Amino acid sequence: MSLTPATPRSAAGPLDLPARLRDAGLAAFVAFMLFLPLVGFRLEGAEGRLGLAWRPDWVVIGTAAVFLGHLALSIVRSLRPRAVRPAGAGPFGRFVSRHALWLGGAGVAFALALPFLPFSSRYVIDVATTLLIYVMLGWGLNIVVGLAGLLDLGYVAFYAVGAYSFALGYHWFGLGFWEALPLSGALAALFGILLGFPVLRLRGDYLAIVTLGFGEIIRIVLLNWVQVTRGPNGISGIPRPTFFGIEFTRQPAEGELAFHQLFGIDYSPDHRVIFLYYLILALALLTNVFVLRLRRLPIGRAWEALREDEIACKALGINPTNTKLTAFALGAMFGGFAGTFFATRQGFISPESFTFIESATILAIVVLGGMGSQLGVVLAAAVIVLLPEFGREFEQFRMLLFGAAMVGIMVWRPRGLLAHREPTVRLHVRGAHEERPR
Amino acid sequence: MYYFLQQLVNGVTLGAMYGLIAIGYSMVYGIIGMINFAHGEIYMIGAFISIISFLLLGILGITWVPLALLLVLLLAMVFTATYGWTVERLAYRPLRGSFRLAPLISAIGMSIFLQNYVQLLQGANVKPLPPVVTGGWVLGRDGTFTVQISNIQVIIIVLTVLLMTVFSWLIAKTPLGRAQRACEQDLKMAALCGVDVDRTISLTFVMGAALAAVAGLMATLYYGVIDFFIGFLAGIKAFTAAVLGGIGSIPGAMLGGLLLGLVEAFWSGYFSTEYKDVAAFCILVVVLIFLPTGLLGKPEVEKV
């Protein structure tokens with residue numbers, strides 16, 4: 001498809017109006033067929049008898065809009081022939097990857113300063129905390145999808161394992177946040193290994209469906225195992241994190257110190273919010289540093305090599321199953337950490353928070369960012385988390401637009417907002433044709 | 001024994017519906033190697049179009065059940081197929097030749113979009129349809145327990161067998177089927193030999209959507225209630241069925257669907273209904289460990 005240059009469709013000049021009208025008419029006909037049953041009629045009255053309402057005006061408006069839109073679009077396109085898009089990064093992607101270091105530094109500096117900037121408010125910090133949770137999840141999943149090239153559609157399961165292991169650990173054994181954090185990471189990694197061990201030797205697409213099924217299994221078990229997880233009611237009263245044992249309360253218990261007393265400042269409920277923000281920032285940065293360092297280790301190289309060519313890896317003596325398993329387990333571990341943080345931040349968790357939509361969102365962040373690109377994940381997470389925030393007025397259209405945006409961005413930039421990350425090392429920098437003496 | 005028989009009947013009915021959806025997944029995967037995540041939503045749309053068609057026919061005064069069923073079947077197939085075609089045209093065709101995950105993300109986006117589209121247009125509440133086909137046959141009686149096969153179940157099973165036969169003939173004997181099989185083996189080579197690849201892929205989506213619409217109609221008749229969210233679980237289950245039978249293989253999809261339906265029916269009959277989905281996925285994992293290509297899948301030879 002990339003071989004065919006952009007030529008005008010017919011010899012009748014660039015503005016072949018009859019042909020364009022015919023195309024637009026066809027599009028309008030298809031739109032009419034689409035709109036007629038579902039837009040034209042509306043089922044009404046859920047209880048008892050179902051009625052049918054008829055709204056022909058919507059169908060007419062919709063069809064007309066498609067006709068005119070198609071016509072306008074095709075005329076605009078013919079006046080400005082589309083250049084063949086280069087396969088690699090666009091100018092934006094190249095700019096970002098060239099200046100990744102200082103862009104990343106600036107980002108971290110901004111994130112550190114955010115709570116003290118003039119425009120910052122409790123709302124801003126709350127949104128930023130949510131954003132950072134998704135960034136961290138994205139970075140965790142990036143190990144699995146971006147580096148090792150494994151398709152995981154059930155990442156939210158590990159997030160749920162992390163959240164529930166803290167909630168249940170507190171509920172049954174009285175564990176605090178700091179004790180639960182490593183434990184939940186380990187548990188999530190264990191689940192990753194248990195799941196990955198049988199299925200990682202299979203073809204990639206089977207992995208996708210098995211992980212998707214696993215995500216559902218975890219959710220169904222959480223929902224139905226009422227004696228332990230309290231089912232759909234969820235678990236509330238999860239303790240807030242402490243500043244290494246010092247609580248954020250106005251009146252601490254007898255003989256204990258609260259945060260504001262320790263530092264000699266006035267009490268403010270914002271302290272805890274800001275602390276949570278810094279906590280997730282630290283966790284996310286830890287994930288990032290970890291991933292960046294792993295990339296330079298033999299195991300990281302092996303992941304990228306496996307992603308590029310599995311057969312060559314086998315020939316070189318890399319054990320693909322074990323290598324994938326480590327990626328899977330490490331990715332799961334970070335999902336578990338993020339889950340623990342989520343539980344302590346919300347104070348309440350229920351299976352509702354761990355649906356497939358979450359998995360899809362996280363995967364969308366990784367792929368939209370350009371698989372394997374750490375900065376791309378931040379950018380994509382910002383797009384996905386902040387867009388719905390701006391669209392609060394269109395609450396009911398939020399998910400509709402979210403779905404449409406996912407399709408739109410993929411069609412517009414299939415390789416993600418920042419380009420697909422190249423392998424860290426490569427023998428011939430400019431491909432096989434230009435062989436340099438080494 | 002009679003209880004077993006009853007579960008068998010229920011399982012085969014369920015399996016027929018899963019199988020019809022699974023074929024759509026399997027065909028698309030066979031040809032372009034992508035998981036058409038929006039296929040479950042297509043099934044849901046089929047169910048909605050069926051229920052709307054039923055009400056419309058009721059208003060028009062066509063109440064003779066066989067005729068009404070036939071008309072609804074046709075309407076649902078045609079309109080749902082349009083949705084299948086459009087989804088492919090808008091969300092997948094621009095991404096052909098792109099890297100592997102791009103169409104998948106696009107498909108997930110499409111699935112979210114369609115779900116909310118129907119929810120916004122038709123409302124979020126459950127839509128009940130009064131029973132259209134009633135009555136049934138008693139197969140056996142054991143004290144107070146009777147084994148029944150309802151007329152709806154008979155219709156579902158017969159219709160599925162019929163469609164499968166037509167469909168197998170379509171794939172095996174017609175020029176379209178030949179083009180599809182050629183595309184399945186090698187897209188580029190098929191194009192060089194004069195197969196219109198874009199058209200073949202479009203028609204594959206149309207056929208898959210039409211079969212999903214039939215499954216949607218069956219679900220509407222069988223369960224009597226639908227809502228905008230039924231596509232998700234049915235989609236996952238049907239994909240599981242397709243993988244179970246060996247993805248890319250049409251008889252495999254049917255067999256996988258049947259097997260999944262039976263597992264679910266027996267599990268809910270003998271153990272618990274809450275964990276029937278868990279059982280279905282566990283079966284999938286077990287089968288994949290021992291038969292990595294599914295039951296009827298061809299082993300894929302990887303070449304360097």
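Every value quoted in this text rests on a predicted model; they were computed, and no experiment measured them. Side-chain atoms are counted along with the backbone in the values below, which use heavy atoms only and exclude waters and symmetry mates.
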Q. Checking A/L401 against chain B: side chain, backbone, both or neither under 4.5 Å from a heavy atom?
A. neither
Q.
Check this for me, if you would: do A/R307 and A/E304 make a salt bridge, where the nitrogen-to-carboxylate-oxygen distance has to be below 4.0 angstrom?
A. no
Q) Is it the backbone or the side chain of A/V221 that comes under 4.5 Å from a heavy atom of chain B, or both, or neither? A) both
(Q) Between A/K324 and A/E310 (salt bridge meaning N to carboxylate O under 4.0 Å), is one present in this structure? (A) yes
Q. Counting N and O atoms only, with roles assigned by atom type, does the side chain of B/Y25 sit under 3.5 Å from a partner on the main chain of B/G235, one being a donor and the other an acceptor?
A. yes
Q. Which region of A/F402, side chain (C-beta onward) or backbone (N, CA, C, O), has a non-hydrogen atom less than 4.5 Å from a non-hydrogen atom of chain B, or is it both or neither?
A. side chain
Q. Does the side chain of B/Y92 pick up a donor-acceptor pair with the side chain of B/N36 at under 3.5 Å?
A. yes
Q: Sort B/L129 into side chain, backbone, both or neither according to what part of it lies under 4.5 angstrom from a heavy atom of chain A.
A: neither
Q) Heavy-atom distance under 4.5 Å to chain A: side chain of B/L114, backbone, both or neither? A) neither
Q: Specify which of B/T80, B/L95, B/V286 makes the most heavy-atom pairs with chain A at under 4.5 Å.
A: B/L95
Q. Any idea which of B/L75, B/L120, B/L104 has the most non-hydrogen atom pairs under 4.5 angstrom with chain A?
A. B/L120
Q: Would you indicate whether the side-chain heavy atoms of B/Y223 and B/I230 approach each other to under 4.5 Å?
A: no
Q) What residues, two or more places apart in sequence or in another chain, satisfy ring-ring contact (aromatic ring centres under 6.0 Å, His included) together with B/F271? A) B/W267
Q. Looking only at atom types and distance, does a side-chain atom of B/H39 sit under 3.5 Å from a main-chain N or O of B/I21, one as donor and one as acceptor?
A. yes
Q. Top residue by heavy-atom pair count (under 4.5 Å) with chain A, among B/G58, B/A102, B/S111?
A. B/A102
**Q.** A/T361 OG1 to A/L141 CG distance, which is reported to the nearest 0.5 Å
**A.** 11.5 Å
(Q) Heavy-atom cut-off 4.5 Å, strictly under: side chain, backbone, both or neither for B/T82 against chain A? (A) both
Q: Flag the pair B/K237 and A/E216 as a salt bridge only when some basic side-chain nitrogen lies within less than 4.0 angstrom of an acidic carboxylate oxygen.
A: no
Q: Sort out for me which of A/A404, A/P37, A/A360 touches chain B most, counting heavy-atom pairs under 4.5 Å.
A: A/P37
Q. Picking from A/V407, A/I217, A/L400, which has the most non-hydrogen pairs under 4.5 angstrom with chain B?
A. A/L400
Q.
Need one label for A/L212: side chain, backbone, both or neither, based on atoms under 4.5 Å from any heavy atom in chain B.
A. side chain
Q: Report yes if some heavy atom in the side chain of B/V132 is under 4.5 Å from a heavy atom in the side chain of B/T220; otherwise report no.
A: no
Q) Side chain, backbone, both or neither: which part of A/W58 has a heavy atom under 4.5 Å from chain B? A) side chain
Q.
With a 4.5 angstrom heavy-atom cut-off, is it the side chain or the backbone of A/I409 that approaches chain B, or both, or neither?
A. neither
**Q.** B/V118, part contacting chain A, at a heavy-atom distance under 4.5 Å
**A.** side chain
Q | Engaged part of A/L195 at the chain B interface, taking heavy atoms whose separation is under 4.5 Å | A | neither
